[in-house]
Amino acid sequence: MAEAIVVEHLSKSYQDVVAIQDLTFSVESGSTTALLGGNGAGKTTTIAILLGLLLPSSGRVTVLGVDMLRDRHRVLPRMNFSSPYVDLPRRLTVEENLLVFARLYGLNRARERIGAIARELDVHQMLDRPFGSLSAGQKTRVALAKSLLNEPALLLLDEPTASMDPDTADGMRQYLAHYRQKTGATIVLASHNMAEVERMCDDVLMLRAGALVDRGRPADLIARYGRTNLEEVFLDVARGGSRTAAAS
Amino acid sequence: MTQPLVPHPWWLAALRRIAAMILRHVYLFRGSWPRFLDLTYWPTVQMTMWGFLTVFLAAKSNFFAQAFGVLLSGALLWDVLFRGQIGMFYSFLEEIWSRNLGHLFVTPLRPIELALSLMVVSVLKTTVGLVPATLAAMAIFDFSIYALGLPLIGFYLNLMVMGWAIGLVMCGLIMRYGMGAENLAWGTAFIMTPITAIYYPVAVLPAWLQPISLSLPSTHVFEGMRAILIDGAFRADLLLNAALLNLVYLTVGLVAFHAFFQVARRRGLLLNLGE
């Protein structure tokens with residue numbers, strides 16, 4: 001299977017602070033991969049570099065076969081991103097926001113596409129409401145709708161179900177799984193919801209202090225650390241324990 | 001798998017992205033009459049104040065009686081520069097305030113396209129803000145700035161371009177230094193007001209200040225405006241000077257905007273701005 005993302009010896013430092021050190025990994029096309037780690041582990045930094053929002057200090061990043069550091073505008077039309085920590089204009093309605101982004105991605109029949117995605121993600125009833133008037137969970141759904149407008153081949157999600165009630169979050173996970181199956185898209189997500197990661201992801205990259213400390217399928221990681229769920233594995237890694245020590 | 005995303009030649013795709021960003025600001029104004037009112041309010045108030053001062057001075061002085069529109073035209077043209085610059089800067093701040101910059105820069109939108117869209121939005125805002133003021137000047141003072149004739153187009157364009165150049169540097173400063181640079185950006189235009197010869201000729205300034213004044217494109221515009229209103233002569237050389245200086249200013253503005261954007265990318269500031 002081809003690789004959607006190839007990261008080679010990626011490092012990022014801010015003066016004396018090392019955010020990422022010598023990170024090397026690849027992500028298979030069509031997979032769902034999680035970046036896991038505590039606060040300051042380097043998840044957001046890695047996603048920002050993958051998106052081209054942040055320049056690394058050194059290393060190489062290839063996304064969908066394109067050198068991200070040299071030619072990111074060739075691949076940006078085929079990617080998208082959603083994060084509860086980045087907003088949309090609050091005074092524009094949901095539909096206006098989606099129309100602007102649809103046009104930025106050069107979509108033909110933008111209204112048709114917005115109507116379809118709004119029905120699929122159950123945001124159609126809020127299309128004429130100002131984005132700023134929505135609840136946190138509704139905003140996350142709209143941001144997700146924005147991120148799917150261009151039917152991206154690579155979708156980067158930061159906390160994709162943050163602030164959603166369990167029922168809505170479950171629906172979103174099902175939708176994302178269906179989307180991946182239908183389009184063959186690659187999904188990379190950063191989440192603190194371990195149950196979500198266990199359920200959605202084929203592969204987990206465990207980060208600590210900017211370095212990749214382990215990776216594998218959720219079930220394999222749980223077995224390797226001798227734990228009963230991914231949350232316990234996460235705690236082992238975040239607290240600096242080794243898998244051997246954890247298993248013993 | 002996916003829709004054809006960029007089905008057009010690169011220049012048409014770029015134009016569509018620029019149009020999308022203009023549409024974003026049209027939506028914002030369409031839904032907010034206070035914003036629309038805010039655009040027209042200050043230019044009209046300022047014009048009225050200068051208009052009455054002119055009426056008073058014209059009653060006392062032959063010079064002002066003969067060149068009635070000098071102060072009024074200066075005030076209106078200065079507002080073109082000020083509104084052009086603030087129109088661009090304020091539109092950029094809208095993205096910062098709404099914490100939207102991270103979303104914008106992961107789309108195919110290029111920084112230069114964002115800058116071009118901000119320029120167009122500033123033209124729209126300036127025109128919408130100033131046309132009512134010029135109409136009010138006709139109604140209240142029987143004065144039409146449109147009597148300047150075709151050179152008015154040249155004056156307008158030169159002042160807009162200078163406003164864009166300053167606005168681009170300001171936007172860059174915000175990207176680089178965050179909202180801490182906001183106050184500096186607001187005040188930049190006012191630094192120029194004493195030296196750019198809006199209401200008085202360059203010759204009034206001390207000799208050492210005159211070269212500085214003449215290094216500003218706006219100075220040549222205001223000198224050209226007075227040449228028409230006082231001497232009845234169109235000075236093409238002054239308009240050309242302003243245009244050549246603006247070429248340099250705009251280049252510096254675009255380079256600074258791009259350079260600050262790259263610094264913001266290196267420092268990871270694009271995701272955090274506005275927080």
Side-chain angles (χ1 to χ4, degrees), chain A residues 12 14 19 44-45 47-57 72-83 85-93 95-97 99-110 113 130-132 143 146-147 149-153 156 158 182-185, chain B residues 1-10 12-32 34-35 94-114 117 261-275:
Chain A
K12 179 66 188 177
Y14 303 97
T44 304
T45 302
I47 286 182
I49 292 174
L50 290 175
L51 288 163
L53 284 175
L54 178 64
L55 292 169
S57 305
R72 73 188 192 108
H73 284 95
R74 267 184 61 209
V75 75
L76 283 175
R78 298 166 62 206
M79 299 170 66
N80 214 317
F81 159 68
S82 172
S83 166
Y85 309 112
V86 184
D87 241 331
L88 292 169
R90 298 169 59 82
R91 291 185 182 84
L92 267 58
T93 66
E95 185 173 31
E96 287 169 346
N97 266 305
L99 267 173
V100 169
F101 278 94
R103 285 163 197 260
L104 285 173
Y105 281 101
L107 297 192
N108 293 321
R109 302 188 299 278
R113 174 71 184 143
F131 182 76
K146 188 278 307 179
S147 73
L149 276 174
N150 58 330
E151 290 187 29
L156 293 133
D158 193 4
K182 186 180 77 174
T183 63
Chain B
M1 180 179 70
T2 56
Q3 296 195 45
L5 288 172
V6 190
H8 308 292
W10 69 267
L12 190 54
L15 278 179
R16 284 168 64 117
R17 290 192 290 270
I18 292 167
M21 289 310 298
I22 296 166
L23 185 69
R24 177 247 191 276
H25 290 280
V26 171
Y27 283 150
L28 189 66
F29 272 83
R30 199 178 63 174
S32 172
R35 280 168 194 272
E94 293 281 0
E95 308 300 353
I96 306 284
W97 289 329
S98 56
R99 297 168 64 227
N100 187 35
L101 220 50
H103 276 145
L104 290 180
F105 283 131
V106 300
T107 71
L109 182 75
R110 291 167 188 265
I112 182 70
E113 292 163 4
L114 175 65
S117 72
F261 172 75
Q262 289 300 337
V263 173
R265 276 182 80 199
R266 266 199 301 280
R267 291 176 176 250
L269 304 171
L270 295 174
L271 270 176
N272 300 324
L273 275 170
E275 288 182 340

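Every value quoted in this text rests on a predicted model; they were computed, and no experiment measured them. Within every chain, numbering begins at 1; the chains are lettered A, B, ... in the order of the sequence lines, protein sequences first and strands thereafter.
Interatomic distance, OG1 of B:T107 versus NZ of A:K146, reported as 8.0 Å (0.5 Å rounding). Rounding to the nearest 0.5 angstrom, the gap separating the CZ atom in B:R24 from the CZ atom in A:R91 is 9.5 Å. Taking CG of B:L23 as the start and CD1 of B:I18 as the end, the distance is 13.5 Å to the nearest 0.5 Å. Taking NE2 of A:H73 as the start and CZ of B:R110 as the end, the distance is 5.0 Å to the nearest 0.5 Å.
Of the two parts of A:R72, only the side chain, counted from C-beta on, holds a non-hydrogen atom closer than 4.5 Å to a non-hydrogen atom of chain B. Contacts between A:F101 and chain B at a heavy-atom distance below 4.5 Å involve the side chain alone, from C-beta outward. Contacts between B:Q262 and chain A at a heavy-atom distance below 4.5 Å involve backbone atoms as well as side-chain atoms. If you measure heavy-atom distances from A:L99 to chain B, the contacts under 4.5 Å come from the side chain alone. Of the atoms belonging to A:F81, heavy atoms from both backbone and side chain fall under 4.5 Å from chain B. Neither the backbone nor the side chain of B:F29 comes within contact range of chain A; no heavy atoms are under 4.5 Å apart. When heavy atoms are compared at a cutoff of 4.5 Å, A:L92 approaches chain B solely by way of its side chain, counted from C-beta outward.
Within a 6.0 Å sphere centred on CZ of B:R35, other residues, nucleotides and ligands contribute more than 12 heavy atoms.
Ranking A:L55, A:T44, A:L51 against chain B, the residue ahead of the rest is A:L55, based on heavy-atom pairs under 4.5 Å. Ranked by non-hydrogen atom pairs under 4.5 Å with chain B, the options A:L53, A:L54, A:N80 are led by A:L53. The candidate from A:V75, A:T93, A:L88, A:L156 with the greatest count of non-hydrogen atom pairs under 4.5 Å with chain B is A:L88.
Electrostatic pairing of A:E96 and B:R30 counts as a salt bridge here, judged by a charged N lying under 4.0 Å from a carboxylate O.
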Determine, stepwise, if the pair B:E95 / B:M21 fulfils side chain to side chain contact (heavy atoms under 4.5 Å, CB included). CA-CA 11 Å; B:E95 308 300 353; B:M21 289 310 298; 3.4 Å; yes

